[in-house]
Amino acid sequence: MTIRVLLADDQALLRSAFRVLVDSEPDMEVVGEASDGAQAVRLAREQRADVVLMDIRMPGTDGLAATRMISADPALDRVRVVILTTFEVDDYVVRSLRAGASGFLGKGSEPEELLNAIRVAAQGEALLSPAATKGLIARFLAQGDPAGDGHDPARSARLDALTVREREVLVQVAGGHSNDEIAERLEVSPLTVKTHVNRAMAKLGARDRAQLVVIAYESGLVRPRAE
């Protein structure tokens, strides 16, 4: 299957560079370019993009608002957004994840990292490493809560619908672990882990694994760690 990629960045030079890189791969193609968020949302719908590489800071409708609009549109429920940011330690990153992005990537990343990010996002996986979830994400989620622990009572109540095993799997997902890694840790099969992840996503209304991570922290199931 060819992954349909949409590029959203207000810098034409960067879009051109990304297009050359993406189009050089046999399993993906660029189906459109947008210079602002509103255009990105429109093209995502018109071109049936699988993955949107979204810059955060763009004129008019920014990447954060565009991500929120894409996530809220039922017709675009299969579209995955990867945020491209100049500053990886940035509260915009977590705001983007809350808005529905599948993950983030620094603009200074290596070409292979970018291509891998597109493939990972297209598969519905989260672009969140264990280091990222333990540091940046946990820290900013805690900053957004008056109590300082990232706990959201409404989110916490929703966890009541999960089984004990689903909670265990959710904790592992929040740690940035893959299905294979979780399977090894819990001594079950990867297929069983995938089933639990899918059920947890359905019960919690999460689009993908990235949203599960956010919910795990905001509900208090996983506590931010002081570095």
Side-chain angles (χ1 to χ4, degrees), residues 3-25 28-73 75-129 132-133 135-137 139-141 144 207-211 213-214:
I3 303 172
R4 298 170 63 81
V5 181
L6 174 63
L7 308 175
D9 196 299
D10 61 332
Q11 298 184 45
L13 187 59
L14 276 178
R15 294 200 310 271
S16 296
F18 289 146
R19 175 180 279 276
V20 170
L21 178 63
V22 172
D23 281 342
S24 68
E25 296 298 297
M28 59 183 71
E29 65 174 336
V30 173
V31 295
E33 296 184 24
S35 58
D36 60 54
Q39 188 179 21
V41 175
R42 178 174 58 80
L43 289 177
R45 186 178 296 110
E46 293 177 355
Q47 301 299 326
R48 309 306 301 171
D50 297 310
V51 177
V52 180
L53 295 182
M54 184 85 74
D55 185 24
I56 291 181
R57 297 177 178 87
M58 293 185 287
T61 303
D62 64 16
L64 183 62
T67 298
R68 188 177 295 111
M69 286 188 280
I70 289 174
S71 300
D73 189 339
L76 301 177
D77 63 346
R78 294 187 178 277
V79 177
R80 298 291 176 255
V81 177
V82 175
I83 295 295
L84 296 175
T85 175
T86 304
F87 306 102
E88 293 188 50
V89 180
D90 191 333
D91 76 313
Y92 278 112
V93 171
V94 169
R95 289 170 62 192
S96 299
L97 293 176
R98 282 174 167 155
S102 294
F104 61 92
L105 198 68
K107 287 187 176 180
S109 301
E110 294 295 324
E112 283 304 316
E113 290 181 285
L114 177 63
L115 295 173
N116 180 64
I118 293 172
R119 295 185 177 102
V120 169
Q123 294 170 0
E125 299 291 327
L127 299 170
L128 305 171
S129 67
T133 57
L136 184 151
I137 295 172
R139 188 161 59 251
F140 281 118
L141 285 175
R207 281 170 56 89
D208 54 25
R209 293 172 78 98
Q211 294 302 293
V213 173
V214 172

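Worth knowing before you read on, the calculation uses all heavy atoms, side chains too, and leaves out hydrogens, waters and symmetry mates. The first residue of the sequence shown is numbered 1, and numbering continues consecutively from there.
- A side chain to side chain contact (heavy atoms under 4.5 Å, CB included) with Phe18 is found for exactly one of Val5, Val30, Asp23, Leu84, namely Leu84.
- With sequence neighbours excluded, the residues forming a side-chain contact (heavy atoms from CB on, under 4.5 Å) with Val79 are Val52, Ile70, Leu76, listed by chain and number.
- Between Ala66 and Thr61, the shortest heavy-atom distance links the atoms N-CG2, 4.0 Å.
- Note: Asp9 CG to Ile56 CD1 = 11.0 Å, rounded to the nearest 0.5 Å.
- Residues Ala101 and Gln211 come closest through the heavy atom pair O-NE2, 3.7 Å.
- Shown here are the side-chain contact (heavy atoms from CB on, under 4.5 Å) partners of Asp77, two or more places apart in sequence or in another chain: there are none.
- For the pair Leu6 and Gln47, the minimum side-chain heavy-atom distance is 4.5 Å or more.
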> Going through the checks in order, is the side chain to side chain contact (heavy atoms under 4.5 Å, CB included) test met by Val82 and Val51?
Replying inline: CA-CA 7 Å; Val82 175; Val51 177; 4.1 Å; yes
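- Judged as a side-chain contact (heavy atoms from CB on, under 4.5 Å), and not counting sequence neighbours, the contacts of Gln123 are Glu125.
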>> For a side chain to side chain contact (heavy atoms under 4.5 Å, CB included) check, start with the C-alpha distance between Leu114 and Leu53, then their side-chain angles and the critical distance, and finish with the verdict.
In response: CA-CA 9 Å; Leu114 177 63; Leu53 295 182; 3.9 Å; yes
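- Nearest heavy-atom pair, Gly37 versus Met58, reported as atom, atom and distance to 0.1 Å: N-CE, 3.7 Å.
- The backbone N or O of Ser35 lies less than 3.5 Å from a partner atom in the side chain of Gln39, making a donor-acceptor pair.
- Residues satisfying the side-chain hydrogen bond (donor to acceptor under 3.5 Å, both in side chains) criterion with Arg119, sequence neighbours excluded, are Glu25, Asp27.
- To the nearest 0.5 angstrom, Asp62 atom CG is 9.5 Å from Arg57 atom CZ.
- In terms of the side-chain hydrogen bond (donor to acceptor under 3.5 Å, both in side chains) criterion, Arg68 has no residue partners (sequence neighbours excluded).
- We find that Arg78 and Asp50 are not joined by a salt bridge, their nearest charged nitrogen and carboxylate oxygen being 4.0 Å or further apart.
- With hydrogens and angles ignored, the 3.5 Å screen pairs no side-chain donor or acceptor of Ser102 with any backbone N or O of Ala121.
- Considering every non-hydrogen atom in both Ala99 and Ser71, the closest pair reads O-OG, 2.9 Å.
- The heavy-atom pair separating Asp36 from Pro59 by the smallest distance is CB-O, 3.4 Å.
- Thr67 approaches Gly100 most closely through the heavy-atom pair CG2-C, 4.0 Å.
- At least one side-chain heavy atom of Val22 sits under 4.5 Å from a side-chain heavy atom of Ile118.
- Ile83 CD1 to Asp55 CG: the interatomic distance, rounded to the nearest 0.5 Å, is 8.0 Å.
- Residues meeting the side-chain hydrogen bond (donor to acceptor under 3.5 Å, both in side chains) test with Glu33, sequence neighbours left out: Arg15, Arg19.
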